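Since the model is a prediction, treat every value here as computed from it, not as a measurement.
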Amino acid sequence: MSVVFDRPSALTDTLMHYCPGCTHGIVHRLVAEAIDELGILGRAIGIAPVGCSVFAYNYFNCDMIEAAHGRAPAVATGVKRARPDCIVFTYQGDGDLAAIGTAETVHSATRGENITIIFINNCIYGMTGGQMAPTTLPGQVTTTSPYGRSPKIQGNPIRMCEMLATLDGVAYAERVSIDTPANVRRAKKAILKAFRNQIEEKGFSIVEVLSTCPTNWGLSPVEALTWLRDNMIPYYPLGVYKDIDKKEGDMK
Amino acid sequence: MSVVFDRPSALTDTLMHYCPGCTHGIVHRLVAEAIDELGILGRAIGIAPVGCSVFAYNYFNCDMIEAAHGRAPAVATGVKRARPDCIVFTYQGDGDLAAIGTAETVHSATRGENITIIFINNCIYGMTGGQMAPTTLPGQVTTTSPYGRSPKIQGNPIRMCEMLATLDGVAYAERVSIDTPANVRRAKKAILKAFRNQIEEKGFSIVEVLSTCPTNWGLSPVEALTWLRDNMIPYYPLGVYKDIDKKEGDMK
Amino acid sequence: MNKVTIDTERCKGCGLCANACPKGIITLNGKTLNSQGYHPAEVTEQEKCIACAMCALMCPHVVIRVERDV
Amino acid sequence: MNKVTIDTERCKGCGLCANACPKGIITLNGKTLNSQGYHPAEVTEQEKCIACAMCALMCPHVVIRVERDV
Amino acid sequence: MTYNILIAGFGGQGILFAGKALAKMGMNEGLYVTWLPSYGPEMRGGAANCSVVLSDTEIGSPLVPEPDILISMNIPSFDKFTPKIKPGGTLFADCSMIDKKCTRTDINAYYIPASALASDNDLQGLANVVMLGYFLKVTGIFDYDKFLLDITSGIPASRANLIEGNKKALAIGYAYEG
Amino acid sequence: MTYNILIAGFGGQGILFAGKALAKMGMNEGLYVTWLPSYGPEMRGGAANCSVVLSDTEIGSPLVPEPDILISMNIPSFDKFTPKIKPGGTLFADCSMIDKKCTRTDINAYYIPASALASDNDLQGLANVVMLGYFLKVTGIFDYDKFLLDITSGIPASRANLIEGNKKALAIGYAYEG
Amino acid sequence: MPKVLMKGNEAIAEAAINAGCLHYFGYPITPQTEISEYLAKRLPKVGGVLIQAESEIAAINMVLGASAAGVRAMTSSSSPGISLKSEGISYLVGCDLPAVIVNVQRGGPGLGGIQPSQADYYQATKAYGHGDMRLIVLAPSTVQEMATLTGEAFDLADIYRTPVIILADGAIGQMMEPVDFSERKPREIPPKDWACTGHGGTRKRNIINSLMLDPEALEKSVRERFERYKKIEETEVKYERFMTDDADIICVAFGIASRICKSAVTAAREKGIKAGLLRPITLWPFPKAAIAEAANTAKAFLSVELSMGQMVDDVKLACECRRPVEFFGRTGGVLPSPAEVTAKIEAIAAQL
Amino acid sequence: MPKVLMKGNEAIAEAAINAGCLHYFGYPITPQTEISEYLAKRLPKVGGVLIQAESEIAAINMVLGASAAGVRAMTSSSSPGISLKSEGISYLVGCDLPAVIVNVQRGGPGLGGIQPSQADYYQATKAYGHGDMRLIVLAPSTVQEMATLTGEAFDLADIYRTPVIILADGAIGQMMEPVDFSERKPREIPPKDWACTGHGGTRKRNIINSLMLDPEALEKSVRERFERYKKIEETEVKYERFMTDDADIICVAFGIASRICKSAVTAAREKGIKAGLLRPITLWPFPKAAIAEAANTAKAFLSVELSMGQMVDDVKLACECRRPVEFFGRTGGVLPSPAEVTAKIEAIAAQL
Ligand SMILES: Cc1ncc(C[n+]2csc(CCOP(=O)(O)OP(=O)(O)O)c2C)c(N)n1
Ligand SMILES: Cc1ncc(C[n+]2csc(CCOP(=O)(O)OP(=O)(O)O)c2C)c(N)n1
Ligand code: SF4
Ligand code: SF4
Ligand code: SF4
Ligand code: SF4
Ligand code: SF4
Ligand code: SF4
Ligand SMILES: [Mg+2]
Ligand SMILES: [Mg+2]
């Protein structure tokens, strides 16, 4: 018998606390697989955010640091500047990365910090129970947009990859999804590349992963995947927004 | 005799504290002229930043609020939401708007706050004596990049108009310069439009003005204008980056 | 025969595996409750499994192991 | 005759007006020091002035007034 | 008179609602009442509990670490909290969820298969109300009719079936002979 | 022995440098010294001043609000600070910048057209050093040669003309007969 | 008005609306998110606006803007989120702007936990920001007080042109109790002629500013503000006494801790110990005089806090160290049981 | 090593390099920007790195990252900028991470002014963040001490795994005095086996974290940290006495105020008043025992501060209110003259 699929060794044995069907777990696994495949577990340092993935430090088998809400890229900068040989990554939600952490995200990007950022966009604040996120879609009901997000009042969602792609320091920005096995495979490729870029000292790499929050969306796990496909992907098109290895025309 | 040019009434009589040849003064005047021409002095509320223009509250003849460093767009948001009939503008430097205030800038923009932002990009922290700004050019010597800004170490300059143009809430983003009388006239037009947009409730408008800091650049006022033209404009191309009144093709 | 092993004690019964399985051979066992309080997933007809690992790819809690008969 | 008035007490002697004047009729008066400690600008040949207001457009301290003879 | 009540089970079993119903009734009866939920991210699908205090004098701490009355709706809470019941106190356990009995002899224990009764009667999600019915009968703290009125009064007329469901569930619990 | 010295003028007149030169010399002579500049954005092209304290005992406050010695290089500082000189104290004023005299009789006043001397001798920007030369002669606080060595020692050989300029300026000031 | 059963957080939200606050700016954080969730539902229906800011910093600065524009504005958060507001709070003080800031405290330091805590007492009462400053700090101990003191907070803020802190904790924020909103007694508020509303050409322009480069001017403004503080200290102290008249041992406790102490005091009395409770309702101004007076008859004080001991300093200062001041506390989110406190009271009694 | 004439800010920068700190993260603000300007020149030459962060918040979190990665790291700012670091400081504490944080204080509140101040004393000593926490706070009064205490700060930070604050002010930051860098005496530093450096497969993974959802666990970690604080209080108190032995009136003052007091005390002695000065060098741990002991002989204390009176509380607590504790202060950036202080001493003497 050959093992086609097994738990990556960069994941600890700890059972993840995520809700049933929450795709945070899938992305954790992809990150762990990338670490395994690149053989960098011993020199990887992960930064956990504040958000549902706050306990990421319990799940990744490398050295881990828990950052303050939104500040993971700043913490990562400190780590990377102190230990340039380590492979430093952050794992952050949309509230963390695109709201409170906007400045840290934009500036680590424009500085071209040689780090890897895994950005989980689930259109909601999961951890705190379903408030509006910067990425919440127009019309989406959340506990702080109970009548549906109105761009006139609550503003427009923010597309981080598109925005960050305008910055010179960004080596690579891609948006992926995990709604189907095929997309999971593509997400894996993107995450691998984002880590490989760092090993090759190419600069700032970010992979935005469209992810589900069945609990706060009030949907079953399977319905949540469909909702993601039907609502998020049209608003947040998948694709490569920047890749210094490629020419403009080659992208997406 | 007809008066071709005189001090706008939206400026107070106070002598401005700016260094000789500092173009902050020109932009102040343009803002004041716009206020005069639109007849909005009585309902204008200005937000002063922390930076060389910290004393802006002494110069504009309308109600004024002094914000904390970088937070002018948040203060403006509070004012505008409290007094939707008032015309609210901020006047901010590059350190203020593009470094410490990044999150406030990006989010007031993506929310589409119906405010007007005048952004003075002089590639330096003027007020504190010439440190590197987020917009400091590669190779530029400042007191905190004494060997010239190296993108590898200090990161790349940030182009705010290009970045903000990716956001849905932005109605208008234009970059202008004040290095020549012709450009001053263009800058004036842009500032007028940015205020008119607000009156017409079109949303977030920002005018980025390339400006000089002879003192910290170590140049004479006239040399400074030349330096701006030769070094800043190539890196920060002038033009309209977003205008919801226009189609893509019509811009610049 | 290919083999899919689900660690049912750690399964949270989300059904993403079942949804992904092209052979439709995974179901949530409505009868059993594991100690976490969930109805775990179960492979009903192992013999039909093609070891495509779609189930494992989608499992958020990484509790599926897939082996191919070689 | 067109008339350009410079409030010399408030002038900071930066020379941007002089630099902008197409007629080259503004100079910084190296002799006088105003109470701020600057050498203020001065129109040397008023009669040549075309009231184009370039000087005023560039004056950061807004101390220039331009009038056209009509 | 002070009742320190702890209600515990899985999230989704209506634990917090049951507590609120008791507190609201207490308030309407002119008692001092407090209701304090456990809160936190760890409760996602996991444990949920709430402390309810009903008293005719001002209430100090709203937290009930050692209840006079424990209502337990699942095994983990049964294991965790039965040892904390005050001597002389009372246990209510949903014996369709909990397959064991309390071994303490210094408390009164009442068992009702609330979840089974609910699902058998097509009252999914109302095991908590079944339990409340039983609780009312055993303790007699509140008048049955008033309580019924109280828990159904908040439900809008448009959702009449919900009113019916609650009524039925309460009745089943109240009628249950342990 | 303690000298509380205040040096004041416009920014750009080398006020802070002059103060540092005195402090550094004092340090080399084994004295306690402090140098405290005025600082702030208001000084852009505007006022500049610094407090220098030289003492053979530990120095308390480094701020010199009431100087023993005032070196004034422009009118605003002259107006502001001459009234603050301690009785019996000394004033040095650049009379090419300041077109008035101090009316106080309880102090010693010395006038030197330092700026004029500097520009007349092609020593633009070295009025401060001219002033220091004069200050040295009048006060005799430091040895002339040592002081000369000290202020020029920091200048790299590559900028020999600067060394020369300083030397010349100091000499002119020292030679000036008031 | 009939009583309603409400969470403490919700009571704050509703009370803010009652007090005429139609502008709320906040950022979610446990255990106080219900405040914004409640307001998100209610404000649009009463012509108000809630902005979920991009961060706590943005939120406090939006409050500054709205307050400068003359409207009542509020923000709320919990410990780490309030730390982020430090600079903004100091600016509000420096600008003499009214504002209501709610801190529903949780365990710290750092990310800490989310259970009830009182360990931000030092911050709130001494230094929620740089520079010489004070804030009025109100400490509700019931859901009813969450409502009443919120109304009072808006009045105090406007009367004294100062930010007011409501220092609550996770337990009072999350618990439900009956509330009666008719209890509020609004006070007279001076006109906000200093506000930036657009001068309309009819008055001198208004400037809201905290920058004063001239030290003498800055000192003057600080001293003027401290004169106002003096007035607050003289007139706005609030506290509650519970069986203190003949008490040998007086517990001093606020918020949720004071409720636990009430139970403990009652239990101690049953054991024959003359215990009492003095509950500061205003943490600043601290009820110094009341404690000094109590020190005339009491033999010892016991400061009971959900922290490692912070208010205990103020108790000592208030009684000028004339009596022993003991401390009992639990921290990190642990709520002490009344029995623990009673035991401590007994231990003190044994030593008297 | 010969003495060099240096600004206080520069002395801190050079001393940091001497102490092996090669990682600095900061954001410009007057009156301390020379620290980064100096380091920007020097660090690249010694293999170090300076990042001018996008904000003070980013800077403190970069420090957290670098410190977590096991290197010595520093940040510096002035009052408003340090307020912004509150959350980050609390996280450093919660994570038990060493760090050196310099506050060259300026007048507040709000934007305030840029002249010397000591009005952040409360913040620094009581609550630079939420939750139960303490920081070692060092108060240099000379440029030499700016250097010496910076070296000491790094050692203390590493030994006790705590952030250390250097609480300076604009005057000491901006003034020049001679410094001798050879005065530093490095202490023994425990290995940083807790640091995140990549485990290389050779050790258990390290986790740096301040989150503890279980209140009991969080409480335990806080109590453990307070045990360390106790040790610091027992062993690391530093202060200086100046003519206190026979003094009737003892000034208590730190930093720049202490220098003014020295002049004032000397002047008072010349007038026949037995004055003295007790200068806390560690503001936390506060020299309680020294003050308590001084209270045995002194008749009164006078706390002299560049603020409206903050340390004065600690003096009262330290002497347990056994002696009158008077206060004299100027704020907003005004430096009091020695004469003003002498006058106050005389006034107190007249009442003894
Ligand atoms: C300074 C601060 N503000 C707010 C919070 C509360 N908080 C915790 S997680 C979170 C939002 C998380 O949302 P997101 O980043 O989208 O992650 P998700 O839970 O959706 O994965 C917030 C607001 C906090 N812990 N600290
Ligand atoms: C929180 C905070 N950080 C830093 C400062 C110090 N500071 C004042 S102005 C300024 C930079 C100003 O630069 P910029 O915004 O580019 O304006 P300019 O002076 O160039 O016009 C800084 C860092 C401050 N006052 N507050
Ligand atoms: S709340 Fe949402 S994001 Fe968080 S674990 Fe549950 S499903 Fe995932
Ligand atoms: S420092 Fe620069 S930006 Fe500031 S006033 Fe002077 S020239 Fe202008
Ligand atoms: S490996 Fe493929 S066929 Fe087999 S159970 Fe999994 S999804 Fe179904
Ligand atoms: S996907 Fe994983 S967790 Fe979900 S039901 Fe299948 S095996 Fe269980
Ligand atoms: S108006 Fe034109 S011509 Fe006349 S002085 Fe000015 S620039 Fe010269
Ligand atoms: S531009 Fe204005 S300030 Fe400059 S020299 Fe001319 S008149 Fe004077
Ligand atoms: Mg999210
Ligand atoms: Mg700038």
Side chain, backbone, both or neither: which part of G:Thr331 has an atom under 4.5 Å from a heavy atom of chain H?
both
OH on H:Tyr122 to CD on G:Gln123, rounded to 0.5 Å
14.5 Å
Scan residues 103-126 of chain G for pairs that pass salt bridge (Lys or Arg N to Asp or Glu O under 4.0 Å), counting only residues two or more places apart or in two chains.
G:Lys126-G:Asp314
Within the side chain of H:Asp132, is there an N or O that forms a donor-acceptor pair under 3.5 Å with the backbone of G:Ser307?
no
Rounded to the nearest 0.5 Å, the CG atom of G:Leu218 sits from the CD atom of H:Gln115 at a distance of 10.0 Å
Which one of G:Ser221, G:Ala217, G:Ser210 has the most heavy-atom pairs closer than 4.5 Å to chain H?
G:Ser210
Checking heavy atoms, do the side chain of H:Leu335, its backbone, both or neither come under 4.5 Å from chain G?
neither
Side chain, backbone, both or neither: which part of G:Leu92 has a non-hydrogen atom closer than 4.5 Å to chain H?
neither
Need one label for H:Asn209: side chain, backbone, both or neither, based on atoms under 4.5 Å from any heavy atom in chain G.
neither
What pairs with H:Phe327 under ring-ring contact (aromatic ring centres under 6.0 Å, His included), at least two apart in sequence or on another chain?
none
Just give me the residue among G:Gly333, G:Gly112, G:Cys321, G:Gly108 that pairs up with chain H most often, heavy atom to heavy atom, under 4.5 Å.
G:Gly112
Looking at H:Leu111, H:Ile89, H:Val93, H:Val222, which has the largest count of heavy-atom pairs under 4.5 Å with chain G?
H:Leu111
Most chain G-contacting option - heavy-atom pairs closer than 4.5 Å, from H:Lys316, H:Glu56, H:Gln310
H:Gln310
Could you please spell out the steps behind the side chain to side chain contact (heavy atoms under 4.5 Å, CB included) verdict for G:Asp313 and H:Leu317?
CA-CA 8 Å; G:Asp313 286 355; H:Leu317 287 169; 3.8 Å; yes
Output the option from G:Ser117, G:Ala124, G:Gly94, G:Ser90 having the highest count of non-hydrogen pairs under 4.5 Å with chain H.
G:Ser90
Do you know which of H:Met133, H:Met212, H:Gln118, H:Arg225 has the most heavy-atom pairs under 4.5 Å to chain G?
H:Met212
When only pairs under 4.5 Å are counted, which of G:Gly129, G:Gly113, G:Pro109, G:Pro116 shares the most heavy-atom pairs with chain H?
G:Pro109
What's the separation between atom CG in G:Asn103 and atom NE2 in H:His130, rounded to the nearest 0.5 Å?
9.5 Å
Got a sec, which pairs hit salt bridge (Lys or Arg N to Asp or Glu O under 4.0 Å) with one end in residues 211-221 of chain G, sequence neighbours left out?
G:Glu216-H:Arg330, G:Glu219-G:Arg223, G:Glu219-H:Arg330, G:Lys220-G:Glu224
Among residues 81-88 of chain G, residues within the sub-4.5 Å heavy-atom range of chain H, in order of number, are G:Ser83, G:Leu84, G:Ser86, G:Glu87
Measure H:Ser79 against the heavy atoms of chain G and call it side chain, backbone, both or neither at under 4.5 Å.
both
